[in-house]
Chemist: 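Would you mind keeping the following structure in view while I ask a few things?
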Amino acid sequence: MIVATVLGETPALPLHTAGKYVAGAYIVLFALVLIYVAIMAIRLSRIERDLGELLSDLDKESTPKYPVKGHK
Amino acid sequence: MESPSRRPAGFSDRKQRPPGAVLYGKGLRTLSIATVVAITTALTLVFFYAPLEAEQGFLQKIFYVHVPLAIIALCGFVLGGLLAIQHLRTRDPRWDMRSYVVIHMSLIFAVGTLITGSIWAKGSWGHWWVWSEPTLVSFLIIFLLYATYQPLRFAIEDPERQSRYASVFAITAGAFVPLNFIAVRLSTAYLHPRVLGSTSNLPGPMALTFLVSLLALSLLFATLCKYELTAKHTRAQLRALRRRLAGETTGMPARPRSAAPSLHHAAAPARAAGGPAL
């Protein structure tokens, strides 16, 4: 409601000549942040994978080699 | 699903965390929310509150992203130097890591400054780049100087030496930044618009919008730095955990050559046993 009121009161943005440059500048900033976050997400998934490997290694080590008496 | 009791203990459990270990993820969510709110406010002010400038009109809106990016990048380079001083004083690898992350982030912001500046120059002056303009060229020199920081680190294999040389570089280059800035301001060719020192000339709404944009991008810088520090800390913890599980004597594969600082070379044995404290 408030946003609609603000947009209604605000004159249309002059996007005829300068608009493409302004849009370009702000898109560059957005793209830089997006690329950075994507790279960090890839690194995070690598950490997650390494952690999974560690956990599976630990599981293998903790599994008894011979069945315990009384168990089939 | 793994039961929690079977999981190897990291530092996620507060009671098992060794004293002195820092959790960099703490407060990250609050900082991220503050950043999102500040950026939204800044964009609203830029496009719906700040008046159009008389000469450049709508094109001047680039000012609210280009100038804060430049200021934060330059301040970040200086901050990287100050953190490097702290590293050389204490020999604590955590300071080296902070210096590295701040410089890395400043470099990304500097890329943003150069690109947005070029776009503004094209719209305003009709050229993507003006070589006769001292502000542009000096910023490019600083950017190129810091672009050698990572290759310098990567070129040195010994982590101890790598961090020491990188700190010396960060201090020297960090001192160069304000000197360069002063030299440019003393130059007489004033084609590039002046911002610092003349903000009082800005009309109230423009000055307010500029300050909010500066705050928003500063918060973004801080959030991304914290994000990266947390990621590096987690990675270091994981490496330490792997080393502990494999046993120090079994001969873990050596750390791959990297430009990123190592947290282990100066770590005390007790800290190494309990994991690295970034």
Side-chain angles (χ1 to χ4, degrees), chain A residues 1-68 70-71, chain B residues 2 6-8 10 35 39 43-44 46-49 52-53 56-66 68-69 104-105 108-124 213 217 220-221 223-224 227-228 230-239 241-242 244-246:
Chain A
M1 185 72 178
I2 297 168
V3 174
T5 313
V6 170
L7 290 175
E9 289 293 320
T10 313
L13 295 174
L15 295 174
H16 42 89
T17 48
K20 59 181 179 182
Y21 295 113
V22 176
Y26 282 85
I27 286 169
V28 161
L29 177 67
F30 179 71
L32 275 176
V33 175
L34 200 67
I35 290 167
Y36 179 80
V37 171
I39 291 169
M40 292 304 288
I42 292 167
R43 285 183 184 172
L44 183 66
S45 65
R46 201 177 297 152
I47 289 172
E48 195 179 19
R49 194 189 59 211
D50 288 353
L51 196 61
E53 281 173 10
L54 268 182
L55 283 170
S56 64
D57 287 353
L58 201 69
D59 277 346
K60 280 176 196 166
E61 280 179 18
S62 60
T63 308
K65 287 179 183 173
Y66 304 102
V68 181
H71 288 262
Chain B
E2 193 86 22
R6 289 180 65 197
R7 288 187 177 177
T35 305
I39 287 179
L43 287 175
T44 309
V46 166
F47 291 108
F48 300 113
Y49 175 69
L52 288 180
E53 206 250 349
Q56 297 201 22
F58 190 61
L59 190 66
Q60 188 262 348
K61 300 286 183 192
I62 299 176
F63 164 83
Y64 300 110
V65 63
H66 170 69
L69 276 176
H104 180 217
M105 202 54 62
I108 294 171
F109 272 54
V111 170
T113 307
L114 286 171
I115 298 174
T116 54
S118 283
I119 293 170
W120 195 3
K122 178 66 179 169
S124 185
S213 298
L217 288 176
L220 179 69
F221 183 87
T223 306
L224 294 181
Y227 187 30
E228 189 164 341
T230 309
K232 288 201 183 303
H233 186 210
T234 309
R235 203 173 167 76
Q237 276 184 325
L238 188 66
R239 207 175 287 138
L241 187 63
R242 180 177 282 168
R244 281 177 68 188
L245 287 173

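Note that the structure is a prediction, hence the values are computed from the model and not measured.
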Chemist: Are Tyr26(A) and Tyr64(B) an aromatic pair, judged by ring center distance below 6.0 Å?
Modeler: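 Ring-ring flag for Tyr64(B)/Tyr26(A): false, centres at least 6.0 Å apart.
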
Chemist: Between Val28(A) and chain B, with a heavy-atom cut-off of 4.5 Å, which part of the residue counts as in contact: side chain, backbone, both or neither?
Modeler: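 Answer is side chain: those atoms of Val28(A) sit under 4.5 Å from chain B.
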
Chemist: What residue in Leu69(B), Thr116(B), Ile62(B), Ile108(B) has the most heavy-atom pairs under 4.5 Å with chain A?
Modeler: Ile62(B)

Chemist: Using non-hydrogen atoms only, which part of Phe109(B) is less than 4.5 Å away from chain A: side chain, backbone, both, or neither?
Modeler: neither

Chemist: Roughly how far apart are Arg43(A) CZ and Lys232(B) NZ, rounded to 0.5 Å?
Modeler: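 Arg43(A) atom CZ to Lys232(B) atom NZ measures 4.5 Å (nearest 0.5 Å).
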
Chemist: How long is the straight-line distance from CG of Leu238(B) back to CD of Glu53(A), given to the nearest 0.5 Å?
Modeler: 9.5 Å

Chemist: Give, for atom CG of Leu51(A) and atom CZ of Arg235(B), the distance between the pair rounded to the nearest 0.5 Å.
Modeler: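 So the gap between those two atoms works out to 12.0 Å.
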
Chemist: Tell me, for Ile47(A) versus chain B, whether the close heavy atoms (under 4.5 Å) come from the side chain, the backbone, both or neither.
Modeler: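 For Ile47(A), heavy atoms of backbone and side chain both lie under 4.5 Å from chain B.
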
Chemist: Measure distances from Ile115(B) to the heavy atoms of chain A and classify the residue's part below 4.5 Å as side chain, backbone, both or neither.
Modeler: side chain

Chemist: Measure the OG1-CG distance between Thr230(B) and Leu44(A) for me, rounded to the nearest 0.5 Å.
Modeler: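 Reported to 0.5 Å precision, the distance equals 11.0 Å.
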
Chemist: Looking only at heavy atoms, which two atoms of Leu59(B) and Ala18(A) are closest? And how far apart?
Modeler: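 Reported closest heavy-atom pair: N-CB, 3.6 Å.
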
Chemist: What I'd like to find out is whether the side chain of Tyr36(A) reaches to under 4.5 Å of the side chain of Tyr227(B), using heavy atoms alone.
Modeler: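 The answer is yes; the side chains approach within 4.5 Å.
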
Chemist: Atom CG in Leu54(A), atom CZ in Arg244(B): separation rounded to 0.5 Å?
Modeler: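 Taking CG in Leu54(A) and CZ in Arg244(B), the distance rounds to 11.5 Å.
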
Chemist: Mind checking whether Gln60(B) and Val22(A) have side chains closer than 4.5 Å, heavy atoms only?
Modeler: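 The answer is no, as the side chains (C-beta and beyond) never meet within the 4.5 Å cut-off.
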
Chemist: Can you confirm whether Glu48(A) is buried at CD, in the sense that more than 12 heavy atoms of other residues, nucleotides or ligands lie under 6.0 Å from that atom?
Modeler: no

